[in-house]
There are 2 protein chains.
Amino acid sequence: MNSLIEENYLKALFSYANDQGEVSVKDLSEKLDIKMPTVTSMMKKLSTKGLVQYTSYKPIKLTAKGRKAAGIIIRKHRLTEMYLVEKMGFGWENVHEIAEQMEHVKSPDLFDRMDELLDHPKHDPHGSPIPDKNGKVDWINYPKLSECKVGDRVRLAAVVNSSADFLSFLNKRELQLDTEMELVSVEPFDNSMIVSYHDKPNETLSLLVSEKLLVEVISSLDSNQQSP
Amino acid sequence: MNSLIEENYLKALFSYANDQGEVSVKDLSEKLDIKMPTVTSMMKKLSTKGLVQYTSYKPIKLTAKGRKAAGIIIRKHRLTEMYLVEKMGFGWENVHEIAEQMEHVKSPDLFDRMDELLDHPKHDPHGSPIPDKNGKVDWINYPKLSECKVGDRVRLAAVVNSSADFLSFLNKRELQLDTEMELVSVEPFDNSMIVSYHDKPNETLSLLVSEKLLVEVISSLDSNQQSP
DNA sequence: GTATATTGTTAGACGCATCTAACAAAATTA
DNA sequence: TAATTTTGTTAGATGCGTCTAACAATATAC
Ligand SMILES: [Mn+2]
Ligand SMILES: [Mn+2]
Ligand SMILES: [Mn+2]
Ligand SMILES: [Mn+2]
């Protein structure tokens with residue numbers, strides 16, 4: 001139906017959409033590392049296929065049909081990642097590149113089977129939600145660790161970067177999904193954070209790291225207070 | 001390295017090579033359903049890449065490098081088929097199409113892991129040998145059932161066709177790999193065969209079927225005799 | 001050994017996805 | 001508001017893998 005290349009555009013449109021579901025030609029161009037004129041012409045093509053809502057000089061939006069197609073690709077990606085980790089023994093840092101390729105495999109059966117063998121997982125190994133068979137994903141908007149306050153007790157819910165480098169960095173510090181941490185202090189100079197978890201009483205995380213960790217706040221010091 | 005399209009040519013060159021390892025432009029063209037001029041130009045391209053030995057008007061041969069590349073693709077295909085059957089519960093009639101796509105996935109790790117989890121299988125679900133990591137395959141030249149003689153006791157070693165239709169046909173008759181059969185008689189009119197196996201004393205197989213079944217002969221009536 | 005059939009190559013075109021160069025619209029700044 | 005910067009489009013070219021039409025070499029038949 002859609003070519004591998006079209007699928008990659010759809011996925012990007014889905015992933016980089018703002019709150020209005022829109023993406024600019026420039027953003028798409030940069031994320032995909034494809035020049036703007038190429039993006040423009042692909043948008044025209046996807047528009048004639050009814051996957052995208054395109055008007056010259058206006059930001060781009062997926063149609064319902066396009067959103068569904070994109071969601072299904074992302075479903076395949078995330079199911080694959082989960083399958084590789086849970087059933088084949090891969091580390092979470094080594095599955096993204098494989099899933100990038102497998103997400104284009106045309107075989108509903110294969111992914112349905114993964115889903116079944118995994119007992120219908122809700123999240124992938126990086127905490128990202130797995131869309132349902134209709135491409136629908138219900139999104140929980142976790143805050144970043146960097147937005148938390150001293151004294152907060154949090155659970156690592158997801159990471160917003162799946163690069164092997166970043167995940168290996170977390171591995172070295174024994175930071176995994178569901179690890180519970182307490183925010184000990186924030187260094188005002190560079191906004192680096194000191195957190196404690198497991199048997200580690202004070203691990204330092206730079207802002208670059210804490211921005212990439214999405215957390216669920218379990219408890220907070222100023223529970224019932226507004227800022228003064 | 002090699003594009004998906006190049007990989008499909010390599011695989012075809014490997015699979016349809018005659019005893020001298022050669023394939024004609026015409027054969028390749030027919031098997032791949034690609035017109036001859038296109039094949040010619042791809043052969044020139046693969047030749048400059050050192051994968052194929054090409055001289056105008058001569059049959060085509062893979063180089064050692066090309067043979068290795070092809071063998072590795074076929075290894076990935078067959079490991080995938082075996083993995084889908086053994087670890088994911090697919091029937092042997094439903095794995096070929098998926099493997100056709102997965103064989104192009106670039107990730108030695110994925111296939112090494114399949115190999116390990118499967119405990120280094122020698123054959124795929126259709127009885128075809130799995131090449132080693134260098135693309136080398138040691139080929140056992142089983143006879144076709146159609147070449148056997150009345151009274152022969154044989155084991156089904158492999159099928160030479162992986163179409164869902166053909167394999168479903170065998171499923172219906174409870175004919176599986178390793179099933180032991182005895183050749184009861186051959187109908188001279190159409191060369192159809194009557195065989196017995198399991199609790200089935202006389203199942204009829206047309207020539208079209210018996211030609212697609214490769215067998216290991218376990219015992220023969222005229223064991224130590226030449227034809228008169 | 002010539003005629004005919006088969007197989008293979010050359011030439012030129014096309015669709016797809018990409019690019020660069022040039023231009024145009026929209027947004028920002030002054 | 002006018003000038004400048006940023007963003008987006010149009011036009012035309014390129015490489016890849018494909019095709020058809022025409023021609024050429026090889027194999028087969030007579
Ligand atoms: Mn991923
Ligand atoms: Mn992920
Ligand atoms: Mn197969
Ligand atoms: Mn097979």
Side-chain angles (χ1 to χ4, degrees), chain A residues 1-14 16-62 66 69-70 73 100-101 103-104 106, chain B residues 1-14 16-62 66 69-70 73 100-101 103-104 106:
Chain A
M1 179 117 302
N2 302 320
S3 74
L4 181 147
I5 282 164
E6 290 167 346
E7 290 193 344
N8 283 335
Y9 280 91
L10 292 173
K11 202 171 44 132
L13 283 161
F14 190 101
Y16 302 122
N18 65 16
D19 20 323
Q20 269 97 204
E22 299 173 337
V23 188
S24 69
V25 170
K26 178 137 194 291
D27 281 3
L28 255 192
S29 163
E30 281 170 358
K31 305 291 185 178
L32 290 171
D33 196 22
I34 288 174
K35 296 288 179 291
M36 287 201 296
T38 310
V39 171
T40 297
S41 68
M42 181 57 79
M43 290 311 104
K44 290 177 175 170
K45 185 182 174 194
L46 293 182
S47 171
T48 65
K49 294 184 76 168
L51 295 162
V52 134
Q53 194 180 305
Y54 171 74
T55 320
S56 289
Y57 298 104
K58 293 271 158 59
I60 304 145
K61 248 181 125 164
L62 285 172
I73 298 162
E100 282 291 313
Q101 301 179 64
E103 71 192 7
H104 303 293
K106 264 76 180 172
Chain B
M1 182 112 300
N2 301 322
S3 75
L4 181 149
I5 283 164
E6 289 167 345
E7 290 193 345
N8 282 336
Y9 279 91
L10 291 174
K11 203 171 43 133
L13 282 161
F14 190 101
Y16 302 121
N18 65 16
D19 21 323
Q20 269 97 205
E22 300 172 336
V23 189
S24 68
V25 171
K26 179 139 192 291
D27 281 3
L28 254 193
S29 164
E30 281 170 357
K31 304 293 184 176
L32 290 171
D33 195 21
I34 288 174
K35 297 289 181 290
M36 286 202 295
T38 309
V39 171
T40 297
S41 67
M42 181 57 79
M43 290 310 105
K44 288 176 176 172
K45 185 184 174 193
L46 293 181
S47 171
T48 66
K49 294 183 77 169
L51 294 163
V52 134
Q53 194 180 305
Y54 171 74
T55 319
S56 287
Y57 298 104
K58 292 273 157 57
I60 303 145
K61 248 181 124 165
L62 286 171
I73 299 161
E100 281 291 312
Q101 301 179 65
E103 72 192 6
H104 303 293
K106 263 77 178 172

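No hydrogens, no waters, no symmetry mates; every other heavy atom, side chains included, goes into these values. None of the values given here were measured: they were computed from a predicted structure. Lettering follows sequence order; numbering is per chain, from 1.
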Close side-chain approach of B:H104 and B:N8, heavy atoms under 4.5 Å: yes
Residue pairs, two or more places apart or on separate chains, that pass salt bridge (Lys or Arg N to Asp or Glu O under 4.0 Å) and touch residues 4-14 of chain B: B:E6-B:K45, B:E6-B:K49, B:E7-B:K106, B:K11-B:E100, B:K11-B:E103
Gap between atoms CE and P, on A:M43 and C:dC16 respectively (whole Å): 16 Å
N or O in side chain of B:K44 less than 4.0 angstrom from C:dT10 OP1/OP2: yes
Reading 5' to 3' through nucleotides 11-18 of chain D, protein heavy-atom contacts under 4.0 Å coded B for base, S for sugar-phosphate only, - for none: ------SB
Residue pairs, two or more places apart or on separate chains, that pass side-chain hydrogen bond (donor to acceptor under 3.5 Å, both in side chains) and touch residues 32-41 of chain A: none
Verdict with supporting geometry, B:V39 and B:S29, side chain to side chain contact (heavy atoms under 4.5 Å, CB included): CA-CA 6 Å; B:V39 171; B:S29 164; 4.0 Å; yes
Protein-nucleotide distance (A:L32, atom CG; C:dC19, atom P), rounded to Å: 10 Å
Validation row: B:V25, B:E30 side chains within 4.5 angstrom (heavy atoms): no
Residues which pass salt bridge (Lys or Arg N to Asp or Glu O under 4.0 Å) with B:K61, listed by chain and number, not counting sequence neighbours: none
Residue list, side-chain contact (heavy atoms from CB on, under 4.5 Å) with A:N18, at least two apart or on another chain: A:Q20, A:E22
What side-chain donor-acceptor pairs closer than 3.5 Å can you find for residues 51-59 of chain B, not counting sequence neighbours?
none

Just the table, please: protein N/O against nucleotides 4-7 of chain C N/O, every pair under 3.5 Å.
| from | atom 1 | to | atom 2 | distance (Å) |
| --- | --- | --- | --- | --- |
| C:dT7 | OP2 | B:K26 | NZ | 3.1 |

Nearest-0.5 Å distance, CG of residue B:L62 to CG of residue B:L46: 8.5 Å
Partner set under side-chain contact (heavy atoms from CB on, under 4.5 Å) for B:A12, not counting sequence neighbours: B:Y16, B:L28, B:L32
Rounded to 10 degrees, the angle between the two terminal axes of the helix from C:dG1-D:dC30 to C:dA30-D:dT1, each from five pairs: 0°
A:T40 side chain near D:dG8 phosphate (N/O to OP1/OP2, under 4.0 Å): no
